Amino acid sequence: MIPGPIEFESEVMQCMAVHTPSHVDPDFIAIFANSLKLLKEVCQSTSGQAFIVARTGTFAMDMAAANLIETGDKALVISTGYFGLRYAEILKRYGAEVDVLEAPVGDIVPMERIEQQLKSKSYKLLTFTHVDTSTAVLNDAKSIGALGLKYKVLTVLDGVCSVAGEEIKQEEWGLDVVLTASQKAVGVPPGLALLVASQNAIQVFERRKNTVANYYADWTNWLPIMKAYENKQASYFATPAVNLVIALEKSLQLIIKEDLDNRFDRHRRAGNTMRAAMKALGLELLSKNEQTSANTLSAPLYPSYIDSTTFLQEISREGIVLAGGLLPELKDQYFRIGHMGSVNKGDLLATVGAIETVLKNKGYVFELGSGTARILEHF
Ligand code: PMP
């Protein structure tokens, strides 16, 4: 129950164990082509260009920056935690002049503040973290997309902790890049960087004056490969992670079969229920309010006298793996519970049950069963 890697479906894991075909085997080419198509479907983009590359989410962030930024370009980072600040560092590596709008911990940057900033200065690109995994804060992707369109700024959504768990309508909301990785709500073991770029973003890339400074990330190398796979033709730039791509096709098929709206709704219910359960136990959440709380993970604060180091070990003895805090300045004050992918009522009950057991053992005063009751009532 950590916020990635998550528990994977057995049908997906079975794909990891098949004999690895050649990356130019016609059957594998068909799987790759279908995965590109399904990835766009999950991001709700019809005209975008999908990329599937062996690497992780950080590389997907790197790829967008490397291809869209040239030295001296102005970029705005809307930061809701650890991963926003990471994006600022990445953009600077490619020569961007970066401004950061940093939200107070557990909150978002208000839309009016973002608009004021976009009015005051002309930016080429803005980035935001849809769900910041360090704070469990959810940004309003639709409104940020609209601001991007209004001020003609490329919008890059870091969806590593949101794609396939939180609603994203890339095309309708005017988002230029939606990027993610395989190991979270997409439901595939770590190792794939996934990205869908709008045609607008591709045109900005095509008008570049300078060569992309990162060889492996360069869309000049990858665009012909992705287009070849889409057209069911063999091609090579760098060897794809063949088994991971086979597993990706399977997981994306399962996601589409569940139906995107149903899946987002299930995640919404999981998020609402887990937050309600934590509040019933008297635990505060790092994400300040319901409208801007993620549905893919929760970040409860420890009661003041609970020792964080032994808490997670004791939870793990109860059979549940949770994650510690990630924000360096607060890391011993909160923990994180992932609830994405195939998570079900039993998982939520077992998790809250384990938390209650350990809290009880540590002498924390609360009504035993009050957290699990929220799961039974609401999920
Ligand atoms: N962005 C967010 C929101 C993330 O949660 C993560 C990973 N936890 C990353 C980026 C980086 O992804 P990776 O660890 O796959 O490089």
Side-chain angles (χ1 to χ4, degrees), residues 1-8 39 43 51-66 75 77-91 93 100 102-103 105-106 108-109 126-141 144 155-168 175 177-196 214 216-217 241 244-245 247-248 251 267 271 286-287 292-299 321-328 331 334-341:
M1 298 295 286
I2 64 168
I6 64 160
E7 289 285 336
F8 306 115
L39 176 60
C43 295
F51 295 85
I52 299 172
V53 173
R55 281 280 171 107
T56 73
T58 306
F59 176 74
M61 298 166 79
D62 213 9
M63 186 186 238
V77 171
I78 300 158
S79 175
T80 37
Y82 187 92
F83 291 101
L85 297 177
R86 172 172 294 188
Y87 225 146
E89 290 310 307
I90 293 174
L91 291 161
R93 292 287 171 99
V100 181
E102 206 170 340
V105 173
I108 57 162
V109 179
L126 73 77
T127 71
F128 66 103
T129 320
H130 195 196
V131 168
D132 204 299
T133 325
S134 65
T135 54
V137 165
L138 172 71
N139 262 304
D140 178 353
I144 297 178
T155 43
V156 177
L157 176 151
D158 170 356
V160 175
C161 199
S162 72
V163 169
E166 305 277 1
E167 181 173 55
I168 299 171
L175 299 162
V177 173
V178 170
L179 62 88
T180 190
S182 49
Q183 74 271 18
K184 302 197 197 239
V186 170
V188 176
L192 291 177
L194 309 169
L195 188 150
V196 179
N214 181 327
Y216 186 71
L244 285 169
V245 176
L248 176 68
S251 192
H267 281 79
L286 198 61
S287 55
T292 54
S293 285
N295 298 305
T296 48
L297 86 155
S298 301
V321 184
L322 298 180
L326 186 57
L327 282 181
K331 81 181 183 28
Y334 73 105
F335 60 103
R336 295 174 302 146
I337 310 165
H339 28 79
M340 55 190 130

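Both ligands and their constituent atoms are indexed starting at 1 by order of listing. All heavy atoms count here, side chains included; hydrogens, waters and symmetry mates do not. Note that the coordinates shown come from a computational prediction; the quantities given were computed from them, not determined experimentally.
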Sub-3.5 Å donor-acceptor pair from the side chain of Ser287 to the main-chain atoms of Ser293, do we have one?
no
Please state which protein non-hydrogen atom is closest to atom 9 (C) of ligand 1 and give its distance, to 0.1 Å?
Phe83 CE2, 3.3 Å
Give yes or no for whether the N/O distance cutoff of 3.5 Å, strictly under, is met between Asp158 and ligand 1.
yes
Tyr334 side chain vs Leu327 backbone, donor-acceptor pair below 3.5 Å
yes
Give the atom numbers and elements of ligand 1 that come within less than 4.0 Å of a heavy atom of Val131.
3 (C)
Ala141 backbone acceptor or donor facing Asn139 side chain under 3.5 Å
no
Proximal ligand 1 atoms for Thr133, defined as those under 4.0 Å from one of its heavy atoms:
2 (C), 3 (C), 4 (C), 5 (O)
Quick check: closest heavy atoms across Val188 and Leu248, and the distance to 0.1 Å?
CG2-CA, 3.6 Å
Counting both backbone and side chain atoms, is some N or O of Thr129 under 3.5 Å from an N or O of ligand 1?
no
Mark up the atoms of ligand 1 that fall under 4.0 Å of a heavy atom belonging to Lys184, in ascending order.
5 (O), 7 (C), 8 (N)
Quick check: Met61 and ligand 1, any N/O pair under 3.5 Å apart?
no
Using a cut-off of 6.0 Å, state whether more than 12 heavy atoms not belonging to Glu7 lie near its atom CD.
no
Minimum heavy-atom distance His130-Ile168, with the two atoms named:
CE1-CG1, 3.6 Å
Are the side chain of Arg336 and the backbone of Thr133 linked by a donor-acceptor contact shorter than 3.5 Å?
yes
Ligand 1 atoms in contact with Thr58 (distance to a heavy atom under 4.0 Å)
11 (C), 12 (O), 13 (P), 16 (O)
I'd like to check which ligand 1 atoms, numbered from 1 as shown, lie under 4.0 Å from a non-hydrogen atom of Gly57.
12 (O), 13 (P), 15 (O), 16 (O)
With a 4.0 Å cut-off on heavy atoms, does Gln183 reach ligand 1?
yes
